[in-house]
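Each remark here refers to the structure printed beneath this line.
We name chains A, B, ... by the order of the sequence lines, and we start the count at 1 in each one.
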Protein chains: 2
Amino acid sequence: LLVVLVSPRNPLNVGAAARALANFGCTRLTVVSPYAPHWREAQSAVGAPHVLENATVCATLAEAVSGCTLVIGTGTLSHRKAEQSVVLLPDLAGPVRNELQRGGSVALVFGPEKHGLTRDDLSWCHLLVEIPTDPLQPSMNLGQAVAVCLYELSTRAFPACDGSPAQTSIPCQPSPARNKTTPAAPSGNLDLLAGVIEQTMAAAGYSPASMHSANQHDLRLLLRRLAPNVRDSRRILGLFRRVLWRLQNGSKRD
Amino acid sequence: LLVVLVSPRNPLNVGAAARALANFGCTRLTVVSPYAPHWREAQSAVGAPHVLENATVCATLAEAVSGCTLVIGTGTLSHRKAEQSVVLLPDLAGPVRNELQRGGSVALVFGPEKHGLTRDDLSWCHLLVEIPTDPLQPSMNLGQAVAVCLYELSTRAFPACDGSPAQTSIPCQPSPARNKTTPAAPSGNLDLLAGVIEQTMAAAGYSPASMHSANQHDLRLLLRRLAPNVRDSRRILGLFRRVLWRLQNGSKRD
């Protein structure tokens with residue numbers, strides 16, 4: 001399991017999040033685009049957990065999760081309409097266990113303290129998780145949210161990987177159509193595929209340039225809903241590369 | 001559910017704990033013997049949750065839990081031998097739900113940041129709960145420990161109070177002998193009873209004064225293991241009062 005913090009501001013929160021990782025036996029932390037002085041402060045704090053020294057820093061969320069096959073966004077989301085499946089935290093163990101059992105790699109993504117994950121951030125997520133909090137005070141402190149999520153997964157998703165049977169009634173599958181035997185294509189493959197499809201759309205004059213950003217967003221979500229396995233995503237990529245090459249070079253050869 | 005913080009030091013932790021209460025719909029917070037300047041700072045912090053304004057301050061843990069019928073101490077406890085039953089947090093919902101269903105009142109007690117609850121503090125507890133953390137980094141931040149415990153109870157102990165059937169296989173009952181129909185005697189009644197028994201022991205010359213403190217401790221634990229119901233604790237109290245009066249006044253009358 002990889003934990004990703006997107007643009008955390010408060011060094012105390014970063015330290016608390018790292019401590020929660022250490023408490024629940026997680027070792028992989030990636031921080032996306034942190035505010036540099038605060039990041040240095042968090043890393044150099046007295047008693048900073050080992051996990052903080054070994055943390056990876058990435059410029060973008062896309063880069064941070066490029067190797068992951070199931071990317072889970074966190075937040076209470078009560079104020080916006082979700083574009084993906086939403087699962088409550090007490091029901092998250094099933095999907096995570098399934099993904100790990102089929103050899104996938106799971107990322108849990110936390111947004112900045114003030115606003116949480118943006119709509120753009122969320123478009124890299126296959127699934128959203130909601131911590132069931134009181135509607136009167138829904139927003140959790142970052143370090144506490146990390147602790148609660150990792151507690152839930154460490155006690156209910158990982159022990160079962162050691163041989164007990166998988167949970168049979170999962171309230172929310174990442175996608176019902178998802179192929180259960182071949183590993184899912186990691187996020188980076190989907191981004192590569194999206195890039196070629198976008199170029200193809202542009203080359204084909206599919207839609208005006210003003211729609212470019214909206215199309216990008218929708219395409220990212222679409223690919224994560226489809227959740228192609230590694231082989232299928234390679235096939236689709238090959239197809240679009242061929243089409244793109246035709247669109248760009250066809251006239252010269254014909 | 002009452003949350004009790006014993007001698008918290010860091011105002012940020014107090015604020016974080018209070019926020020976790022608000023997040024998970026708990027309203028009752030009691031703070032035992034806080035460090036006054038830090039307590040004022042926590043209460044006056046910008047955006048301090050409502051629960052912090054309404055918090056009760058007590059001088060002793062005994063006073064804080066005097067109205068509670070099930071007092072649960074928290075900590076990792078890995079370094080000391082527990083004198084009570086210990087239950088893992090994922091298994092705590094059952095005992096709490098049972099206690100609430102029989103009309104009892106439950107307190108969850110957290111110790112100071114540095115050392116956790118003392119052996120003396122723990123002697124007021126019927127049951128200890130352990131958060132299953134990594135043995136390499138067992139000690140949790142106070143605010144995060146409160147969040148994790150309240151998340152577990154709010155999602156798994158309270159919903160079932162609204163009508164779903166009680167869990168049948170409870171790994172750890174507070175006491176097998178516990179009467180299931182009459183409400184348990186609250187902590188304050190047990191302290192009152194212990195006081196009269198101690199006086200009786202002293203009046204009877206039961207043990208040297210040097211043993212007084214050890215006897216007090218053992219007596220507290222004994223009464224919590226027995227967990228008498230309200231009526232029985234009243235009966236025992238009556239008996240000891242009578243014996244004590246005899247011991248103190250018998251010679252004058254005989």
Side-chain angles (χ1 to χ4, degrees), chain A residues 10-27 45 47-52 74-76 78 87-93 113-114 129-160, chain B residues 10-27 45 47-52 74-76 78 87-93 113-114 129-160:
Chain A
N10 184 335
L12 291 176
N13 285 339
V14 174
R19 183 162 172 189
L21 265 83
N23 284 145
F24 295 111
C26 299
T27 54
H50 201 57
V51 68
L52 214 47
T74 62
T76 55
S78 42
V87 63
L88 285 175
L89 181 58
D91 300 323
L92 186 62
E113 290 90 337
K114 271 217 167 156
V129 63
E130 188 170 353
I131 303 175
T133 47
D134 191 314
L136 293 176
Q137 176 80 28
S139 161
M140 283 193 76
N141 163 278
L142 177 59
Q144 290 175 312
V146 173
V148 164
C149 289
L150 293 183
Y151 161 74
E152 175 67 28
L153 293 181
S154 79
T155 53
R156 295 187 171 95
F158 303 149
Chain B
N10 185 333
L12 291 176
N13 285 339
V14 174
R19 183 160 171 190
L21 265 83
N23 284 145
F24 295 110
C26 299
T27 54
H50 200 57
V51 68
L52 213 48
T74 62
T76 54
S78 41
V87 64
L88 285 175
L89 181 58
D91 300 323
L92 185 62
E113 290 90 338
K114 272 216 169 157
V129 63
E130 187 170 353
I131 303 176
T133 47
D134 191 314
L136 293 175
Q137 176 80 29
S139 161
M140 283 194 75
N141 163 278
L142 177 59
Q144 290 175 311
V146 173
V148 164
C149 290
L150 294 183
Y151 161 74
E152 175 66 30
L153 293 181
S154 79
T155 53
R156 294 185 172 95
F158 303 149

- Query: Among B/Gly143, B/Ala145, B/Cys149, which residue forms the greatest number of heavy-atom pairs with chain A at distances under 4.5 Å?
  - Reply: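 Ranked by contacts with chain A, first place is B/Gly143.
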- Message: Under a 4.5 Å cutoff for heavy-atom pairs, which residue among B/Ala22, B/Pro135, B/Gly25, B/Pro132 has the most contacts with chain A?
- Response: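 Going by pairs under 4.5 Å, I would pick B/Ala22.
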Can you name the nearest heavy-atom pair linking [X] to [Y], along with the distance?
X	Y	result
B/Ala18	B/Leu52	CB-CD1, 3.6 Å
B/Ser154	B/Phe24	OG-CD2, 3.4 Å
A/Met140	B/Ala147	CE-CB, 4.3 Å
B/Pro90	A/Thr155	CG-CG2, 3.8 Å

- Message: Just so I understand: if I count every heavy-atom pair under 4.5 Å between each of A/Val146, A/Leu136, A/Leu150, A/Leu89 and chain B, which residue has the most?
- Response: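 Of A/Val146, A/Leu136, A/Leu150, A/Leu89, A/Leu89 has the most heavy-atom pairs under 4.5 Å with chain B.
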- Item | Closest-packed option against chain B by number of heavy-atom pairs under 4.5 Å, given A/Asn141, A/Asn23, A/Asp134 |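 Maximum pair count with chain B is reached by A/Asn23.
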- Given a strict heavy-atom distance threshold of 4.5 Å, which part of B/Leu88 is in contact with chain A: side chain, backbone, both, or neither?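 Contact with chain A involves no heavy atom of B/Leu88 at all.
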- Message: Contact between B/Asn10 and B/Leu142 at the side-chain level, heavy atoms closer than 4.5 Å - yes or no?
- Response: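 A side-chain contact under 4.5 Å is absent here.
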